[in-house]
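Below: one structure, written as structure tokens.
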Amino acid sequence: MRDIFLDLNDEQRVSVEALDGPVMVVAGAGSGKTRVLTYKVAHLLNSGVDPFRVLALTFTNKAAREMKERIIHLVGNADARNVWMGTFHSVFARILRVEGHLLGYSPNFTIYDNEDSKRLIKGIVREQNLDDKVYAAGYVLYRISSAKTNLITAQRYNSDDDILLQDKLAGKPQLGNIYNLYHQKCFRASAMDFDDLLLNTYILLRDFPDVLLKYQRKFEYILVDEYQDTNQVQYSILKKLAANNENICVVGDDAQSIYAFRGANIKNILNFQKDYPDVKVFKLEQNYRSTKTIVNAANSIIVNNKDQIFKKIWTQNEDGSAIDVLAAKTDTEEGQMIANSIFETKMNFQVRNIEFAILYRTNAQSRSLEEALRKLNIPYRIYGGTSFYNRKEVKDVLAYFRLCVNNKDEEALQRVINLPARGIGKTTLEKITVEAEASKKAIWEIISNSEDLAGLRLGSSVISRITDFVTMIKSFSAQLFKKNAYELGKHISASSGILKALYEDNSYEGIARYENVEELINALSDFAGRPRDTVMESGNGSPLPDFRTLNEFMQEVALLTDADKEDKSNNDRVSLMTVHAAKGLEFPYVYVAGLEENLFPSIQSLNSRSDLEEERRLFYVAITRAQKKLHLSYAESRFRWGNHTFCEPSRFIDEVDARYLSFPGSRKRKGGPAHAVDNEQGLPEAFIEKAIRNKNLKKINALPENETKGKEASYSDETEVRAGDEVMHDRFGKGKVLNVEGAGSNRKATVFFQAVGKKQLLLKFARLKVL
DNA sequence: AAATAGCGCTTTTTT
DNA sequence: AGCGCTATTT
């Protein structure tokens, strides 16, 4: 066994070595956080800990998968596969498959996604004759989700006078009632939404001491990644699981906490030391990812936040070139500028597409960027947004699968009962729904029972169509453990008629949809061909068949995100994604687009300090993704829901210490002969003023001294540049000085660059290095 | 029951 | 602008 500690720096090593007791590792961006976690698990296994006794919670399934591979490699033993590793949601879903019967759930429970939840809420609001403006599905779901995240069950919600009074005062007195009905309907459908996976796990551990003890013993060591983004219920579960031996190691960066909107509580990391007084705290402050320019720029913005753990992030990497700020007239132009820049960089430096990422605040921004990339034939891939598993046609097919696995899955049933059209229309469904509601049964129970069905007084032809449908689904369900996931999935999509309907649609979109379903079938084939990851229990006590079932596939697929999907076709593509989706990733070249007030920071964040601080952390996450070169861009006007709106550059651009910024290619304003001779890149006066003002302000937030000095030494000696000198410029490369004139801060040089030709540069800004 | 036309809502971020 | 949902028509 090789000494794995040779790969670590001192800070990392001591964090890895501390195996026992509570440990908190505060890790700055790019400081090797994942590495510490990976090596720590490897070290545990090397020290003789049983992999089954290690629980590691990551932020994405992909991160878990990659970490596992590396651990297996490090310890040289495939048993490492048996570490319990995954997201909170997927690990707890696994536990609930086994233990959920204690709470009255079938091991085949469905996981409702947001869309399912919203449809269900819409239905309830309609049923209750409530105003769907007052009780907008999105808002109601948000409220239910917040409640669950904070351990407030429907029952508790409705017995809490404060909450009820507040809802009443807010003009939404029925929220508690809707929550109640929502919970009942989910339960009746044997379905859990995302928050239920956490809340039910908590309830399980709270109400069943023997179960708690079982998992406390099982998980001898607990490791948690991205701890800054845990919420109340996750916190409470961890607290319970770790209560016995307190071998809990959390890793995170308070400066990268960006999920408060979904209940994440930054106090969990800020207060970890209070929860575990014996905690050993380690800080990882050396950044291995980015240039000095990027690291220092990131430091210069994050100091504006009040809530944080003190850290001093530094790097030994090279200075790197300045951060380019691109100013565009419109969002279309912004896309073009970014696409052009990528194109040029690719040409000049032989860079592959995969080394570029474009990050933005909202998914809607991707369109103009996509168009620009397409025009230049630059291949790209969008992460998130309407991700693969969110496409309508894919969800339709998945709904069939869901219904076969769990006949009571109400949302899936409503989706497919008349898809493709088989003569079971709205009015029929309405009658069935009313009857189901009246008798507190699932729709499936009504339609699969001939007596119930007869009681509905439907036409005989309708009844036969319904029974045909029921027979079909039953025949699918009967094969769940007879065929593997791929065979059964293919059979279902063919026999249900859904594939045929898509195949017959010859429109451009229709073909794309058909291909998407094909891709889903391919994914099934992959899944069926891969061995089981870990030894799993079936949940109902019976042994699992020796092939992988559709059932298993469905358990996995509900919690997959776009980031988890591997792209086999062409991997060399530019990545487009929201900043949230970029968390944990890194790219040599990063473009952060749409840096405008009301967009980034988002308009809804401007009311409270804490929300604005979260936006700032989000910006911090965005810029710390970059390894070599960072671009920031904004547009002066942008199309937003149909009509164009004018925008101002984001305050976040101002907050970056001006010495790290550069403004290439920006045009002089009209009537601006006052500065006919421009500085380095001809930036508008307003920007110079802002930059100087900003620089003065920033003196208080001094950076590490050695950095500042190093920076100045390289460019402050403007008097030393003379005609005839060979010089180096960050952006333009090598050049020869033709002429120098002027004095003091107005001193400027005419330089001929090999790459870009003759330029006039203001020495104050140019940072020329004499060679 | 199915097909079509018009209305209205969206956009903050995601497991 | 584009999509999904609803009301209306056939």
Side-chain angles (χ1 to χ4, degrees), chain A residues 57-64 86-93 111-115 117-119 122 126 132-133 136-139 141-142 145 148-149 192-199 226 229-231 233-234 257-264 331 359-368 371 383-387 389-392 418-430 458-459 461-462 465 509 557-564 577-583 594 598-606 611 614-615 617-619 621-622 638-645:
Chain A
L57 298 164
T58 59
F59 202 68
T60 64
N61 291 302
K62 190 181 170 204
T87 61
F88 276 90
H89 290 85
S90 62
V91 167
F92 295 156
I111 298 171
Y112 275 179
D113 66 12
N114 260 314
E115 197 188 330
S117 299
K118 278 188 200 164
R119 275 174 199 256
K122 254 185 194 168
R126 202 171 10 217
D132 60 2
K133 302 261 188 325
Y139 174 75
L141 180 59
Y142 164 76
S145 173
K148 288 181 178 172
T149 297
M192 297 195 201
D193 66 17
F194 290 132
D195 301 304
D196 287 331
L197 295 175
L198 306 177
L199 183 58
E226 309 282 11
D229 283 321
T230 51
N231 59 31
V233 59
Q234 289 167 329
S257 162
I258 54 175
Y259 281 98
F261 73 91
R262 74 171 196 214
D331 49 349
L359 310 180
Y360 36 80
R361 181 66 181 79
T362 65
N363 282 306
Q365 287 167 255
S366 71
R367 173 157 287 140
S368 54
E371 269 169 33
Y383 292 77
T386 15
S387 74
Y389 289 107
N390 270 326
R391 296 216 158 90
K392 186 185 173 297
N418 200 30
L419 190 105
R422 51 172 70 86
I424 305 171
K426 215 169 59 179
T427 35
T428 308
L429 202 55
E430 178 74 25
L458 296 162
S461 61
V462 176
R465 281 180 292 218
E509 297 83 5
V557 84
L559 296 170
L560 281 187
T561 65
D562 219 34
D564 298 320
M577 64 186 89
T578 62
V579 183
H580 282 91
K583 179 158 113 151
N598 299 340
L599 180 59
F600 198 176
S602 146
I603 190 160
Q604 7 235 323
S605 72
L606 300 180
D611 285 357
E614 173 145 317
E615 293 285 307
R617 291 192 295 267
L618 194 57
F619 182 54
V621 168
R638 170 180 303 278
F639 268 89
R640 282 181 101 174
W641 50 96
N643 39 19
H644 81 278
T645 47

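Chain A is the first sequence line, chain B the second, and so forth, proteins listed ahead of strands; every chain is numbered from 1.
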Footprint string (nucleotides 1-10 of chain C, 5' to 3'): B base within contact, S backbone only, - free, heavy atoms under 4.0 Å: BS---S----
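Among the atoms of the strands shown, none is found under 4.0 Å from any heavy atom of Asp113(A).
In this model, the phosphate group of dT14(B) is not approached by any side-chain N or O of Asn114(A) to a distance below 4.0 Å at OP1 or OP2. Taking only side-chain nitrogens and oxygens, Asn363(A) comes nearer than 4.0 Å to OP1 or OP2 of dT14(B). The phosphate of dT14(B) has OP1 or OP2 within less than 4.0 Å of a side-chain N or O from Thr578(A). An OP1 or OP2 oxygen of dA1(B) is reached within less than 4.0 angstrom by a side-chain nitrogen or oxygen of Thr428(A). Between Asn418(A) and the phosphate of dA2(B), there is a side-chain N or O to OP1/OP2 separation shorter than 4.0 Å.
Annotation: of the two residues near DNA chain B, Ser602(A) and Thr427(A), the 5′-most nearest-nucleotide partner is Thr427(A). The 5' end of DNA chain B is approached more closely, in terms of each residue's nearest nucleotide, by Gly423(A) than by the other of Gly423(A) and Phe59(A).
Atom NZ of Lys133(A) and atom P of dC7(B) are 14 Å apart (whole Å). Rounded to a whole Å, the CZ atom of Phe194(A) is 8 Å from the P atom of dT15(B). Between the OH atom of Tyr142(A) and the C1' atom of dT14(B) there is a distance of 14 Å, given to the nearest Å. Put simply, CG on Leu199(A) is 15 Å from C1' on dT15(B), counting in whole angstrom units.
Taking only side-chain atoms of Ala581(A), from C-beta outward, the nucleotide of dT14(B), dT11(B), dT15(B) with the closest atom is dT14(B). The side chain of Thr87(A) sits closest to dT15(B) out of dT15(B), dA2(B), dT13(B). Listed nucleotides dC9(B), dT15(B), dT11(B) differ in distance to Ala364(A); the shortest reach to its side chain belongs to dT11(B).
Applying the side-chain contact (heavy atoms from CB on, under 4.5 Å) test to Phe261(A) and every residue at least two apart in sequence or in another chain returns Tyr259(A), His580(A), Glu614(A). Residues passing the side-chain hydrogen bond (donor to acceptor under 3.5 Å, both in side chains) test with Thr87(A), sequence neighbours excluded: Ser90(A). Applying the side-chain hydrogen bond (donor to acceptor under 3.5 Å, both in side chains) criterion to Asp229(A), with sequence neighbours excluded, gives Lys583(A). Gln604(A) meets the side-chain hydrogen bond (donor to acceptor under 3.5 Å, both in side chains) test with no other residue; sequence neighbours excluded. Remark: Arg367(A) engages no residue in a side-chain hydrogen bond (donor to acceptor under 3.5 Å, both in side chains) (not counting sequence neighbours).
We find that the ring of Tyr259(A) and the base of dT14(B) do not stack by the test of centres under 5.5 angstrom and planes tilted less than 30°.
Once rounded to the nearest 0.5 Å, the distance linking CG of Leu197(A) with CZ of Phe88(A) reads 13.0 Å. The distance from atom CG of Leu141(A) to atom CG of Asp193(A), rounded to the nearest 0.5 Å, is 7.0 Å.
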